[in-house]
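Here is the structure we will look at, set down as structure tokens.
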Amino acid sequence: MSIKDYEFWFVVGTQFLYGEDIFETINSHAQEMCAEWSSKMPCRIIAKPCVKTSKEILDIFRAANADDKCAGVITWMHTFSPSKAWIAGFNALQKPYLHVNTQYNRDIPWQDIDMDFMNLNQSAHGDREHGFIAARMRLKRKVAAGYWKDEDFQKKMETWIRAAVGAAESKKVHVLRISDNMRNVAVTDGDKVEAQIKLGWQVDHYGVGDIIKEVNAVTDEEIDAQMAEYEKNYIMDTDNIDAVRYQAREEVAIKKFMDRYDFNAFHTNFEDLQELRQLPGLAAQDLMRQGYGFGAEGDWKVAAMLRVMTSMAEGLEGGTVFMEDYTYHFEPGNEMLLGSHMLEVSPQCAAETPKIQVHPLGIGDREDPARLVFKAKTGKGIVVTLVDMGDRLRMICNDVECME
């Protein structure tokens, strides 16, 4: 996981009209705000020196584009910043952009307000000018309004920050296709070229034979080390230790293969296992726990989405898991949908310590695989998928209530 490695740049606009002595105050306010936000957010927010000219704005946005650690920019107009000065910078900006409509002071100082205060504190004026140019340029952006210390305002910021991290991680997605997608299935297929153009997802195919060679090369010592990891994280609840050790062998092999070629997501296909004794079950579940994306039956889009959303949700309660809609419960007034999969559900959603068990799998025509068994957490959640509609990608998202 890498969310803490990212940072966001706080760019505050002003101008020379009110004198240069205000710049020190503006920069001090920005630093104080960033210190407060950084203590509450999953990423650092860094105050940059206030910008007064088109060149300064262009230079700082170009620098943000070139900095891999910078996942986005946050703008705020402490005073009135003429918006034509921002056009060149916005035309160059390639990072996600949040505009905060806020103010350093919460209250108006009714008893001693004067023109010096008015000139220094023109956020309501400056942010409207700033909002206009962003709307005029049809910029993709998020706008958050409110007092910068309020919890609701900071929650809006954090939501956008996590989405921006997802956008940055999306450009790093590298999916290992182990075989192709399930035969005759349409929804798992799609245009990999367009996905890389639009989303940055690199999707590369390797044959099952490449993985089998890696599996056969795993040593007993490597299997022992992986078994120790299982014992540390899960409850061993089977006498079929040989089946568990084979999953350990598969996990070591897949992880070594992914790390060697910089993959961070993968999929399997139960229709193409060749010499593999088991469909990776426990192996896939434990790799998801570590943050790797996964999709079953050749669904590279789900594998990529899981990797991105796991990155976005790092540090939050709950979990990000791969799942399918399986079967309905149509009891009047108590309608439900059972989400499941044949064995590869991530333990990130476990409400208890998962148990390692071995059960028959009536699909794939191989040995009974070891897998993790557990109850899932309850509470509010979202279900998200991405499908290829031929001329576009469509993301579908539902709000759900997870029940025991």
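Note: I161 CD1 to I45 CD1 = 4.0 Å, rounded to the nearest 0.5 Å. For the atom pair OG (S28) and CD1 (I22), the distance works out to 13.0 Å, reported to the nearest 0.5 Å.
Between F266 and F294, a ring centre-to-centre spacing shorter than 6.0 Å is recorded. Ring pair Y234/F374: centre-to-centre distance not below 6.0 Å. Ring pair F263/Y292: centre-to-centre distance not below 6.0 Å. For W37 and F10, the ring centers sit closer than 6.0 Å to each other.
For R260, the CZ atom counts as densely surrounded, since its 6.0 Å shell holds more than 12 non-hydrogen atoms of other residues, nucleotides or ligands. For E24, the CD atom counts as loosely surrounded, since its 6.0 Å shell holds 12 or fewer non-hydrogen atoms of other residues, nucleotides or ligands. No more than 12 heavy atoms of other residues, nucleotides or ligands shown are found within 6.0 angstrom of CE on M403. Remark: K48 NZ is packed, more than 12 non-hydrogen atoms of other residues, nucleotides or ligands lying under 6.0 Å away. When the shell of 6.0 Å around CZ of R62 is examined, it contains 12 or fewer heavy atoms from other residues, nucleotides or ligands.
Between F61 and W86, the two ring planes are tilted [angle within 30° to 60°]. Classification of the H78-H29 ring pair by plane angle, with boundaries at 30° and 60°, yields parallel. The aromatic rings of F80 and H125 are tilted relative to each other, their planes meeting at an angle between 30° and 60°. Note: Y97 and F90 have tilted aromatic rings, judged against thresholds of 30 and 60 degrees for the angle between ring planes.
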Y104 and E32: side-chain hydrogen bond (donor to acceptor under 3.5 Å, both in side chains), yes or no, with the steps? CA-CA 9 Å; Y104 175 73; E32 182 181 342; 2.7 Å; yes
Under the side chain to side chain contact (heavy atoms under 4.5 Å, CB included) rule, what do H341 and M323 come out as? Steps first, then yes or no, please. CA-CA 6 Å; H341 206 261; M323 199 172 287; 5.7 Å; no
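Heavy-atom minimum distance, P109 versus F117: CD-CZ, 3.3 Å. The two residues C50 and E56 have their closest heavy-atom pair at O-OE1, 3.9 Å. In this structure, E169 and R307 approach most closely via the heavy-atom pair OE1-NH2, 2.8 Å. When all heavy atoms are compared, the tightest approach of E129 to S83 is OE2-OG, 2.8 Å.
Judged by distance alone, with hydrogens and angles left aside, the side-chain atoms of Q278 form a donor-acceptor pair with the main-chain N or O of A243 at under 3.5 Å. The backbone N or O of L282 sits less than 3.5 Å from a side-chain atom of Q247, completing a donor-acceptor pair.
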